[in-house]
2 protein chains.
Amino acid sequence: MLSVPRLDMQVRIFGALADPIRIKIIMLLSGGDRCVCEILPAFERSQSTISKHLSILYNAGLLDRRIEGNRTIYSIKNRKVVELLETADSIALEHLSSLVETGGD
Amino acid sequence: MLSVPRLDMQVRIFGALADPIRIKIIMLLSGGDRCVCEILPAFERSQSTISKHLSILYNAGLLDRRIEGNRTIYSIKNRKVVELLETADSIALEHLSSLVETGGD
DNA sequence: GCTGTATATAAGATTATCGGAATATGGCGA
DNA sequence: TCGCCATATTCCGATAATCTTATATACAGC
């Protein structure tokens, strides 16, 4: 049986990934650590918006961060998150092709 | 590069899993197909609420459904969704134990 | 200490999600 | 056909997520 805090953490993890900006941030960081100032220009959103997205990923236990001087460097905390993206992408791909076959929606 | 519809589908998949009831429905169905009338009593929620949760999972491409008489039978469409739950659970577990170690929150 | 740069947080408006009650749809048996 | 059962959908209120602007914090260099 799944304990309640674990279920809650699962929900938080999936919720953290249920946003296109946050998925792209994970993909970006899977290529190596980045400070916020390097992440910002990849998105046409305010600094505060990106900062909050990073916090959501951090609080879900998906990212690590360390401070170096006046910068904050974010990194992938658990490589399994990349697995999650890959698995979801393959489900997405299969689903999209089944929609094409059946002409569904 | 990830195509836009695929990213959108990933978002929809993760969004579908970002709810404790929907996670429990997946776990329930991983034990075998069930009609709605068998799923309902597992949750203290109205019929319309559960029906909506099932639709969300169905539209995310995670569940299949077939009609038999006046019943609708739901089933896991893609076994990879169970993988997603397991991977997220192991991330959750690691994160929770790291919180215990550091006394974090 | 002051100024500028980097980042996080708060406040507030807008939009999406969740839940239940009520309603619609469609098969089934009398 | 009529009424019942199983399920989906609509409507609407309550709650939560997202975004921007403005403000706070904290380090760096002078």
Side-chain angles (χ1 to χ4, degrees), chain A residues 4 7-26 28-29 32-75 77 104-105, chain B residues 4 7-26 28-29 32-75 77 104-105:
Chain A
V4 173
L7 179 62
D8 288 347
M9 271 309 303
Q10 273 184 300
V11 169
R12 204 193 293 191
I13 288 167
F14 287 126
L17 296 174
D19 182 282
I21 291 178
R22 295 197 291 264
I23 289 180
K24 286 180 184 167
I25 289 174
I26 298 281
L28 183 61
L29 291 177
D33 304 6
R34 300 272 191 285
C35 70
V36 178
C37 59
E38 290 171 310
I39 298 168
L40 277 178
F43 304 95
E44 297 189 326
R45 288 292 149 80
S46 70
Q47 175 267 320
S48 91
T49 294
I50 299 303
S51 179
K52 219 175 300 182
H53 282 303
L54 287 165
S55 290
I56 289 168
L57 290 167
Y58 177 77
N59 290 125
L62 303 179
L63 297 186
D64 251 337
R65 70 178 160 202
R66 62 181 190 278
I67 293 173
E68 289 187 2
N70 59 349
R71 309 226 165 154
T72 306
I73 316 286
Y74 280 89
S75 58
K77 179 178 183 185
D105 174 37
Chain B
V4 172
L7 179 61
D8 288 348
M9 272 309 304
Q10 274 184 301
V11 169
R12 204 192 292 191
I13 289 166
F14 287 126
L17 296 174
D19 181 283
I21 290 179
R22 296 198 290 264
I23 289 180
K24 286 179 183 167
I25 289 175
I26 298 281
L28 182 61
L29 291 177
D33 305 5
R34 301 272 191 284
C35 71
V36 178
C37 60
E38 290 170 310
I39 298 168
L40 275 179
F43 303 95
E44 296 189 328
R45 286 289 192 288
S46 70
Q47 177 267 323
S48 88
T49 294
I50 298 302
S51 179
K52 255 180 292 187
H53 281 305
L54 287 166
S55 290
I56 289 169
L57 289 166
Y58 177 77
N59 289 125
L62 303 179
L63 297 186
D64 250 338
R65 68 179 161 202
R66 62 181 190 275
I67 293 174
E68 289 187 3
N70 58 350
R71 309 231 165 149
T72 306
I73 317 286
Y74 280 89
S75 58
K77 178 178 183 185
D105 176 35

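Sequence lines set the chain letters: A, B, ... in the order given, protein chains first and strands last, and positions in each chain run from 1.
Comparing D:dA6, D:dT18, D:dT7 by their nearest atom to the side chain of B:Asn70 picks out D:dA6. With distances taken from any side-chain atom of B:Ser55 to the nucleotides C:dA8, D:dT7, D:dT9, the minimum falls on D:dT9. Looking at the side chain of B:Arg71, the nearest of the listed nucleotides C:dT7, D:dC19, D:dA6 is D:dA6. For B:Cys35, the listed nucleotide lying nearest its side chain is D:dT7; candidates were D:dT20, D:dT7, C:dT7. Nearest nucleotide to the side chain of A:Ser51, out of D:dT9, C:dT9, C:dG19: C:dT9. Of the candidates D:dT21, C:dA10, C:dA8, D:dT21 carries the atom nearest the A:Ser46 side chain, counting heavy atoms from C-beta on.
Looking at which nucleotide of DNA chain D each of A:Ile67 and A:Ile21 is closest to, the 5′-most match is held by A:Ile21. For A:Gly69 and A:Ile56, each mapped to the nucleotide of DNA chain D holding its nearest heavy atom, the one lying further toward the 5' end belongs to A:Ile56.
Regarding B:Ile25, its CD1 atom lies at a distance of 14 Å from the C1' atom of D:dT7, rounded to whole Å. Computed from coordinates, the A:Arg12 CZ to D:dA17 P distance equals 11 Å when rounded to whole Å. Straight-line distance from the CG atom of B:Asp19 to the P atom of D:dA16: 13 Å, rounded to whole Å. Between B:Tyr58 atom OH and D:dA8 atom C1' there is a gap of 13 Å when expressed in whole angstrom units. Atom CD in B:Glu44 sits roughly 13 Å away from atom P in C:dG19 (whole-Å rounding). Rounding to whole angstrom units, CG of residue B:Leu54 and P of C:dC18 are separated by 13 Å. The separation between B:Leu57 atom CG and D:dT7 atom C1' is 16 Å, rounded to whole Å. With rounding to whole Å, A:Phe43 atom CZ is found 15 Å from D:dT18 atom C1'.
In terms of phosphate contacts, A:Tyr74 brings a side-chain nitrogen or oxygen within less than 4.0 Å of OP1 or OP2 of C:dA8. An OP1 or OP2 oxygen of C:dC18 is reached within less than 4.0 angstrom by no side-chain nitrogen or oxygen of B:Arg45. Phosphate contact (OP1/OP2 of D:dA17, side-chain N/O of A:His53, threshold under 4.0 Å): absent.
For B:Ser48 and C:dG20, a side-chain-to-base donor-acceptor distance below 3.5 Å is present, hydrogens and geometry of angles not being considered. With hydrogens and angles left out, the side chain of A:Lys52 and the base of D:dT20 share a donor-acceptor pair within 3.5 Å. Residue side chain B:Gln47 does not reach the base of D:dA6 through any donor-acceptor N/O pair under 3.5 Å, judged by distance alone.
Residues A:Arg65 and A:Leu54 are not in side-chain contact: their nearest non-hydrogen atoms beyond the backbone lie 4.5 Å or more apart. When side chains are defined from C-beta on, A:Leu63 counts as touching A:Ile26, because their heavy atoms get closer than 4.5 Å. B:Met9 is listed as a side-chain neighbour of B:Ile13, based on a closest heavy-atom distance under 4.5 Å.
Remark: the backbone N or O of A:Leu57 is not paired with any side-chain donor or acceptor of A:Arg22 at under 3.5 angstrom. No side-chain donor-acceptor contact under 3.5 Å links A:Arg71 to the backbone of A:Cys37.
Counting all heavy atoms, side chain and backbone alike, A:Ile39 lies closest to A:Tyr74 at CD1-CB, 4.4 Å.
Using a 4.0 Å heavy-atom criterion, one finds that A:Ile73 contacts no nucleic acid atom at all.
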